[in-house]
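Here is the structure we will look at, set down as structure tokens.
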2 protein chains.
Amino acid sequence: MPERKRLTLKDLAAEINVHYSTVSRVMNPATRHLVAEDVAARVLALADERGFRPNRIAAGLRTQRSGLVGVVLPDIANPVFPPILAGIEAVLCQQGYVPIVVNAGTDKARQRYVIDQLLGRQVEGLVLATAERDDPVLEYCVAQRIPVVMVNRGEDTGRASCVVSDSLLAMRLTVDHLVGLGHRQIGHIAGPSTLSTGFLRREGFVRAVRRHRLRAGQWQVIEAASYSREAGREACERLLAEFPGMTAIAAGNDLIAMGCYDCLRARGLRCPDDISVIGHNDMPFVDALSPPLTTVRIAVHQMGEEAAKLLLSKLSQPDAKAVTVELTPELIVRGSTAAPPAA
Amino acid sequence: MPERKRLTLKDLAAEINVHYSTVSRVMNPATRHLVAEDVAARVLALADERGFRPNRIAAGLRTQRSGLVGVVLPDIANPVFPPILAGIEAVLCQQGYVPIVVNAGTDKARQRYVIDQLLGRQVEGLVLATAERDDPVLEYCVAQRIPVVMVNRGEDTGRASCVVSDSLLAMRLTVDHLVGLGHRQIGHIAGPSTLSTGFLRREGFVRAVRRHRLRAGQWQVIEAASYSREAGREACERLLAEFPGMTAIAAGNDLIAMGCYDCLRARGLRCPDDISVIGHNDMPFVDALSPPLTTVRIAVHQMGEEAAKLLLSKLSQPDAKAVTVELTPELIVRGSTAAPPAA
DNA sequence: CTGAAAGCGCTTACAG
DNA sequence: CTGAAAGCGCTTACAG
């Protein structure tokens with residue numbers, strides 16, 4: 001089984017007695033018009049017959065454009081990211097780019113290491129899903145002058161574009177729904193305040209609750225150690241202890257809401273009969289939980305698409321200033337929220 | 001804001017008056033010993049200070065090794081794939097490779113197109129999670145002499161290595177569990193028979209049921225149109241109609257099992273009181289369904305790791321013959337299976 | 001319209 | 001131990 005060498009421009013050119021630069025012009029649609037039609041046709045026919053694929057790495061070296069974009073995720077196994085990734089990939093591919101996806105965890109030093117790898121591979125830009133509110137890694141990217149956009153989580157300083165879901169609105173929808181059902185004792189389990197989502201949802205919760213003129217003893221906020229089911233469960237325990245009159249919980253995300261389910265079940269409390277729970281994200285299959293989770297749906301796929309578009313436009317206009325794209329979330333009412341128990 | 005040019009070997013070399021080939025030798029750990037220690041130290045210090053990262057694209061062009069591996073997925077949003085991907089990435093990165101992940105859908109023409117893109121980018125090998133039992137795309141890859149390994153789904157012809165979970169064993173565990181609980185009227189909703197998993201799980205089911213000496217009227221198999229919740233629901237309807245005495249369903253995977261939940265609920269049948277349901281895969285959060293799903297856990301992360309290892313060894317020994325790595329699944333008993341209702 | 005040449009940033013025989 | 005040179009497969013001014 002002879003290891004068949006890959007074809008090159010020269011190979012093709014030799015077969016039909018043209019210079020390889022002519023073949024190059026033909027293979028690139030943008031320069032094809034520079035060569036005579038009949039020659040172009042012959043080249044194309046041969047390329048097709050031989051299954052010739054120009055070496056994009058070589059082209060990239062020459063043109064200084066790799067066509068590669070790095071996507072840095074904290075954890076691909078988190079169900080929010082796959083649809084975001086699909087959105088990113090869809091628009092990138094359309095423009096001839098391809099994403100290199102890396103799981104970089106939450107450790108900033110490791111993230112930076114991973115980004116260095118990516119830069120060594122000449123990625124033209126980066127999509128960061130790992131941003132914290134004040135992120136040294138973003139700082140680093142900016143210093144390197146590598147085009148960056150943040151997705152899902154934003155950053156405070158406006159140093160780079162980002163696309164996020166509107167957290168303030170989301171929490172307004174959440175609290176309106178709960179208050180509308182009659183709740184007057186509402187708890188919020190916030191995500192980590194180092195993350196924009198954790199911070200802003202908390203902020204949104206507080207504003208919404210004040211808007212409804214709830215007073216000090218009528219609402220309470222507690223922070224979960226992370227966006228995870230386990231941390232949600234643990235935070236729910238604390239919240240229950242600190243705020244015994246509570247009839248509804250606005251969870252920082254669906255994972256935290258699942259932790260609330262776990263906690264309530266363990267304590268023999270029924271949802272929504274004793275306590276209503278509302279999540280955030282509408283991740284896959286939360287409609288199949290028991291009870292089906294009321295939550296706020298964020299436009300994950302679109303979020304990925306927008307992030308990719310933002311990056312693409314940053315690549316073509318490096319000096320345009322940073323923008324924030326805020327997507328509108330939607331309340332999805334299911335079975336985990338109901339009127340509070342009659343007092 | 002001047003667009004700072006990326007540093008090259010020559011830039012560094014010029015600064016400390018050595019030839020750039022010397023810098024090259026120092027930057028590569030494998031050739032570092034060829035240069036004098038003090039020179040190496042100076043180079044390294046400067047590289048570090050300047051944040052120099054050698055251009056891997058240029059190196060790849062020269063060495064004919066891109067360090068890129070293509071991973072072809074039917075759908076990243078399917079929860080089985082993210083952990084597999086994480087496993088692949090973990091071992092690849094360790095060896096200095098990086099995966100390019102593409103969502104190629106299920107259409108074979110599109111898959112082939114996407115693979116052509118990947119080949120144009122000089123990927124050194126491919127991991128295919130899209131394989132069908134007789135797959136023209138695999139055929140194509142083999143003809144192109146590009147190293148390939150299949151993951152999750154295998155292929156019949158043994159033309160390439162694959163890593164899968166042991167479906168026959170899985171179904172034995174499934175049926176043993178159900179029979180052990182007292183079931184004697186067992187249905188199986190198979191996945192598409194064009195996929196190795198669909199085919200083999202069905203085969204495993206039939207063998208297991210015969211092993212227990214169940215006779216013709218005591219078991220039944222039906223095929224779902226796809227591995228999806230909706231197809232599961234639809235197939236469950238049909239199965240219920242064709243096999244009214246049924247007390248347990250072995251679903252082709254967890255999504256199909258969720259479709260069974262939907263169907264049973266719609267018909268007012270209780271699980272597990274009226275009918276037991278058992279899934280396959282143990283995808284995230286099925287323990288939070290109601291009832292918590294009894295299922296067969298497959299070693300997804302490890303599956304990805306093994307696939308990457310197989311590919312890596314194929315890359316270093318292209319002539320070694322194809323192997324199949326079969327991972328051992330594990331029965332996870334939860335709340336969706338119980339003794340059949342007293343007759 | 002086509003060819004010849006330079007050069008992208010590396011690696012690696014080959015001299016010395 | 002170090003330098004000079006060739007070459008990986010392209011693109012693209014520059015001639016003609």
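Bear in mind the structure is a predicted one, so any value in this text is a computation, not a measurement. So that the names make sense, note that chain A is the first sequence line, chain B the second, and so on, each numbered from 1.
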ask   = Rounded to the Å, how far apart are A:Leu9 CG and C:dC8 C1'?
value = 15 Å

message = Using a heavy-atom cut-off of 4.0 Å across all strands, would you classify B:Ser21 as base, sugar-phosphate, or nothing?
response = base

task = Nearest whole angstrom, please: distance from the C1' of D:dC1 to the CZ of B:Arg32.
result = 16 Å

query = To the nearest angstrom, how far is A:Asn17 atom CG from C:dC1 atom C1'?
reply = 17 Å

ask   = Side chains of B:Tyr227 and B:Thr197: donor-acceptor distance under 3.5 Å anywhere?
value = yes

query = At under 4.0 Å, does any side-chain N or O of A:Gln64 touch on OP1 or OP2 of D:dT11?
reply = no

ask   = Under 4.0 angstrom, heavy atoms only, what part of the nucleic acid is B:Arg25 near: base, sugar-phosphate, or nothing?
value = base

task = Side chain of B:Ala58 only, please: which of D:dC10, D:dT2, C:dG9 is the nearest?
result = C:dG9

request  = Return the value, rounded to whole Å, for the distance between atom NE2 of A:His33 and atom C1' of D:dT12.
outcome  = 13 Å

inquiry  = From C-beta outward on B:Thr8, which listed nucleotide comes closest to its side chain: D:dG3, D:dC10, C:dG9?
reply    = C:dG9

inquiry  = In this structure, how many angstroms lie between the C1' atom of D:dG9 and the OH atom of A:Tyr20, rounded?
reply    = 8 Å

key: Gap between atoms NZ and P, on B:Lys10 and C:dG9 respectively (whole Å)   = 8 Å

inquiry  = Which nucleotide wins on minimum distance to the side chain of B:Ala59, given the candidates C:dA6, C:dG9, C:dC10?
reply    = C:dC10

Qualifying residue for salt bridge (charged side-chain N to carboxylate O under 4.0 Å, His left out) with B:Glu15, from B:Arg42, B:Arg50, B:Lys10 = B:Arg50

inquiry  = If you count every heavy atom of other residues, nucleotides or ligands that lies below 6.0 Å from A:Arg53 atom CZ, does the total exceed 12?
reply    = yes

note = Ranking D:dG3, C:dT2, C:dG9 by distance to the side chain of A:Ala36, first place goes to C:dT2

query = Taking A:Asp107 for the side chain and A:Arg110 for the main chain, is one N or O donor matched with an acceptor at less than 3.5 Å?
reply = yes

message = Both distances below 3.5 Å, Watson-Crick or wobble geometry, any strand: find the nucleotide opposite C:dC1.
response = D:dG16

key: 5' priority, DNA chain C, between B:Thr31 and B:Leu61 [closest heavy atom]   = B:Leu61

ask   = Is B:Glu155 reaching over with its side chain to a backbone N or O of B:Ala131, donor-acceptor style, under 3.5 angstrom?
value = no

key: Residue mapping more 5' on DNA chain D - nearest nucleotide basis, A:Arg53 or B:Ala40   = B:Ala40

ask   = What are the two closest non-hydrogen atoms of B:Gly154 and B:Val164, and how far apart are they?
value = N-CG1, 3.8 Å

message = So, OP1 or OP2 of D:dC10: does either fall under 4.0 Å of a side-chain N or O from A:Ser24?
response = no

inquiry  = If you go through the side-chain atoms of A:Arg62, does one of them form a donor-acceptor pair with the base of C:dG9 closer than 3.5 Å?
reply    = no

inquiry  = Under 4.0 Å, counting only non-hydrogen atoms across every strand here, what does B:Thr63 touch: a base, just sugar-phosphate, or nothing?
reply    = sugar-phosphate

query = Can you tell me how far P of D:dT12 sits from CE of A:Met27, to the nearest Å?
reply = 15 Å

inquiry  = Distance check needed: D:dC10 P versus A:Arg65 CZ, whole Å only.
reply    = 17 Å

